[in-house]
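In listed order, ligands and their atoms are each counted from 1.
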Amino acid sequence: MSSQQMKKRILTGDRPTGPLHLGHYIGSLKQRVELQQEYDEYVLIADVQALTDNFEHPEVVHQNVVAVALDYLAAGLDPGVTTIMIQSQVPALAELTLYFLNLVTLARLQRNPTVKEEIHLRRFKEGVPVGFLVYPVSQAADITAFRAHLVPVGEDQLPMIEQTRDIVRRFNRLYGETLVLPEPLLSAFPRLPGTDGKEKMSKSLGNTINLSDSADAVRRKVMKMYTDPSRMHPTDPGHVQGNPVFLYHDAFNPNRNEVAELKERYEKGTVGDVEVKTHLVEVLNDLLEPMRRRRTEYAKDLATVYAILKEGTNRGRAVASATLVAVRKALRIDYVRCADRTREEATGCWGSNDHS
Ligand code: ATP
Ligand code: MG
């Protein structure tokens, strides 16, 4: 057995609906970079899922596939060890989704708190597309197709992992032990707030600092950030709790002493928002600068990026197809296997319990 086969597997991904931001980084991407040597890691650019709420604008999804791939490579995913794939090019995922749909009730899908919140935000003009409502099922197909043990995600994705676990348990109980039961992996910052103070930094809310933002854009966005609304003057005692500027310091500033000191002075009213924000701009630009350099290198050589996607997708397709074979067999719909046998061999293949 090769070392790659012995390693536990990670599957995770992002919707190509816009540039990746600090929320993605601290919620999931950073862990992927840290774990990519220790685990056999698969990362999916979920374009099919992105189409569920962008079906009127496929060009947006198309453009963002390469943008997300560049974000990955910039953030430090190493294509030598991590498999980066494009969801739509792995057709086994669509077929698996179809089988899993039988194992989920409509009521269960409608109760999913993240989907509920997203439906509210999206304000679909002609009602909720079925494809959108069932995206947690297609996500279960993604996770199980790659036989993932671990799924590094932000907090909003916990209901999706729970849904996946339900499907896996149900499938294995009904049809025999076939699928791997996955676990979520939450980071220390599973829900980074937006620059506007809203609960979640999100592409759809327009409150992001992107990994691809220039140093100037980072400065502008930080300087406009929401802080403590009850504080009028720098000499007023301020609130650190729930203040996104300090939350970002906690998440990204490696100098813990500086953070502790700034918090203390803020609470006493001896430091202004501008100084706290100026430090944050430096911290964020220190984090993003190496990413900008790597991005520039890869952006000069898009042919290499396409080759990475093609090779990763091919590798992923083989893994997903193998799972699909096992799933068809468990579902007793592996007729082709019977048809391929000689007459004698096929005896006991059709309509029997011989599924060896
Ligand atoms: P969209 O608005 O299009 O859904 P998004 O910003 O929610 O975009 P996704 O592609 O849905 O991004 O999420 C990819 C991964 O990043 C998921 O694991 C998600 O939980 C995580 N993530 C997204 N935003 C945050 C955040 N603000 N804090 C922590 N994790 C996040
Ligand atoms: Mg999302």
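Look at Arg265 and Glu275 and you find a salt bridge, because one of the NZ, NE, NH1 or NH2 atoms lies within 4.0 Å of a carboxylate O, short of that distance. Under a 4.0 Å N-O distance rule, the pair Asp273/Arg231 qualifies as a salt bridge. Salt-bridge check for Glu38 with Lys8: failed, with every basic side-chain N at 4.0 Å or more from each acidic carboxylate O.
Classified by interplanar angle (parallel below 30°, tilted 30° to 60°, perpendicular above 60°), the ring pair Phe171/Phe100 is perpendicular. Between His249 and Phe246, the ring-plane angle classifies as tilted under the 30° and 60° cut-offs.
A continuous path of Ile, Leu, Val, Met, Phe, Trp and Tyr side chains, each step under 4.5 Å between heavy atoms, connects Tyr135 with Val137, placing both in one hydrophobic cluster.
Residues of the protein with a heavy atom under 4.0 Å from ligand 1 are Gly13, Asp14, Arg15, Thr17, His21, Gly23, His24, Gly27, Arg122, Val153, Gly154, Asp156, Gln157, Phe189, Pro190, Arg191, Leu192, Lys200, Met201, Ser202, Lys203, Ser204, listed by chain and number.
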